[in-house]
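Beneath this line is the structure, given in structure tokens, with notes to follow.
Chain letters run A, B, ... following the sequence lines, proteins first, then strands; residues in each count from 1.
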Amino acid sequence: MLKKDLLFLVGPTASGKSAAAVALAKKINAEIICCDSMQVYCGMDILTSAPDKELTGRVRHHLFGFLKPCKNYNAASFRKDALEAAQKIYQKGKIPLFVGGSGLYMSAIIDGLFTGAPADMQLRRKLEKEAKLKGARCLYKKLLKVDPLSASKIHANDCRRIIRSLEVFLKTGKPISYLQKQRQGLGPDYRVKIFALNLSRPRLYQRVDQRVELMFERGLEKEARRLLRSRLSKTACYALGLPEIKEYLRGKYDLQEAKRLIKRNSRHYAKRQLTWFRKDKRVKWINLQGAETPQAVAKKIYKFCN
RNA sequence: GCCGAGAUAGCUCAGUGGUAGAGCGCGGCCCUGAAAAGGCCGGCGUGGGGGGUCCGAUUCCCUCUCUCGGCA
């Protein structure tokens, strides 16, 4: 049986993925699927540097801006939606091309997630409260009792993961360390190719800073104000830029400082993305100077497509 | 030109007669249902140049260079 191709174009923020993806999709007859935890939301176009109409008009895009910011979303719901979108694309005889910078989302599709323990926001809130009251160490001790193996892998300060592990244990009676071994990925009938764009660090950071400047020019503050007035999900409220603008509006600092922080946090984010993708040995790195046209980038990637 | 203050990490600065720290920045890493989140680790340095005192100087003394104030 012929293998199904599944392509990924990933890389740090501001590396030029969106435009390159469209150029590549044109070349290989692909449709694009969002692989970005924030670009799935609508009404956050400036904040998330979502691909504009010019790009989305040239190639069919899936899972971009389809979700209201008040809705929670996560890697599991993404995996489900993404695989559905991919099937539709296969039915058209085309290739799904995932584009975005969310490493976990990429891994969720390819490698799968263990099942049977969905997120329980109510339980999380309860555990969070407990952590706040008695300290995170208290939760860690609890985890140490029920699941010493996971506890040994999680740092005592990593509250998010401690809570998730406890959540899994409380809901299923099984340690997350045991369940995590059960993940199931795509299987042998898929042929996955991952391309990651990269630039020299100074160039990348320069582009990140420039992009933040551009976001402000486009009206980031106004968009953020609007979003902050509405109800935001636990997922969407952490879109880079929102917490910083929120504190600015509270009078904690001025707009210049907010901008500085958004730039810095975006650079840190880009760095973390690189760490994630570096670890994944399936990634084929596409090193760029930063001045190439999207077509040139696509051409570079195309060479490795067969 | 004179007087005063200073010259220590990429930046802002602290400190000590036994070759140095802090914050920010920066680098590396972890990540299985919040992931643009969350967490961990790392000082990255001929202490402005030269000389002297001392067992030993970044610290004390002299000198030169530079910077910043003030006076001319």
Roughly, in whole Å, what's the span from [atom1] in [X] to [atom2] in [N]?
{"X": "A:Asp158", "N": "B:A34", "atom1": "CG", "atom2": "C1'", "answer": "12 Å"}
{"X": "A:Asn74", "N": "B:A34", "atom1": "CG", "atom2": "P", "answer": "5 Å"}
{"X": "A:Gln273", "N": "B:C29", "atom1": "CD", "atom2": "P", "answer": "14 Å"}
{"X": "A:Lys279", "N": "B:C30", "atom1": "NZ", "atom2": "C1'", "answer": "7 Å"}
{"X": "A:Arg160", "N": "B:A35", "atom1": "CZ", "atom2": "P", "answer": "9 Å"}
{"X": "A:Arg272", "N": "B:G39", "atom1": "CZ", "atom2": "C1'", "answer": "10 Å"}
{"X": "A:Lys71", "N": "B:G33", "atom1": "NZ", "atom2": "P", "answer": "22 Å"}
{"X": "A:Asn265", "N": "B:C24", "atom1": "CG", "atom2": "P", "answer": "12 Å"}

Pairwise [atom1] distance, [M] and [N] [rounded to whole Å]:
{"N": "B:U16", "M": "B:C3", "atom1": "C1'", "answer": "29 Å"}
{"N": "B:C11", "M": "B:G45", "atom1": "P", "answer": "12 Å"}
{"N": "B:A5", "M": "B:A22", "atom1": "P", "answer": "29 Å"}
{"N": "B:C26", "M": "B:G10", "atom1": "P", "answer": "14 Å"}
{"N": "B:U58", "M": "B:A20", "atom1": "P", "answer": "11 Å"}
{"N": "B:C41", "M": "B:C60", "atom1": "C1'", "answer": "39 Å"}
{"N": "B:G21", "M": "B:U46", "atom1": "P", "answer": "16 Å"}
{"N": "B:U65", "M": "B:U53", "atom1": "P", "answer": "24 Å"}

| field | Same apolar cluster (I L V M F W Y, side chains within < 4.5 Å links), A:Leu9/A:Trp285 | value | yes

Would you say A:Leu255 ends up clustered with A:Leu214 if hydrophobic residues are merged whenever their side chains have heavy atoms under 4.5 Å apart, either directly or through other cluster members? no

Closest to the [X] side chain, choosing from [options]:
{"X": "A:Arg278", "options": "B:G28, B:A35, B:U32", "answer": "B:G28"}
{"X": "A:Arg161", "options": "B:U32, B:G28, B:G33", "answer": "B:U32"}
{"X": "A:Trp276", "options": "B:A35, B:G33, B:C40", "answer": "B:A35"}

#### Entry: Any A:Tyr105 side-chain nitrogen or oxygen under 4.0 Å from OP1 or OP2 of B:A35
yes

Hey, does the side chain of A:His268 come within less than 4.0 Å of B:C26's phosphate (OP1/OP2), counting only N and O?
yes

Under 4.0 Å from any atom of RNA chain B, heavy atoms only: list the residues of [range] that qualify, in numerical order.
{"range": "residues 124-148 of chain A", "answer": "A:Arg124, A:Glu128"}
{"range": "residues 201-223 of chain A", "answer": "A:Arg201, A:Tyr205"}
{"range": "residues 45-53 of chain A", "answer": "A:Leu47, A:Thr48"}
{"range": "residues 166-183 of chain A", "answer": "A:Gln180, A:Arg183"}

By the 4.0 Å heavy-atom rule, please label [X] as base, sugar-phosphate, or nothing.
{"X": "A:Thr235", "result": "sugar-phosphate"}
{"X": "A:Thr115", "result": "base"}
{"X": "A:Asp120", "result": "nothing"}
{"X": "A:Arg79", "result": "nothing"}
{"X": "A:Gly100", "result": "nothing"}

A:Phe66 meets the ring-ring contact (aromatic ring centres under 6.0 Å, His included) criterion, sequence neighbours left out, with A:Tyr73

Between A:Glu244 and A:Tyr248, is the side-chain hydrogen bond (donor to acceptor under 3.5 Å, both in side chains) condition met? List the steps. CA-CA 6 Å; A:Glu244 293 85 349; A:Tyr248 150 66; over 6 Å; no

Contacts satisfying ring pair (Phe, Tyr, Trp, His ring centres under 6.0 Å) that involve residues 21-58 of chain A (not counting sequence neighbours) are none

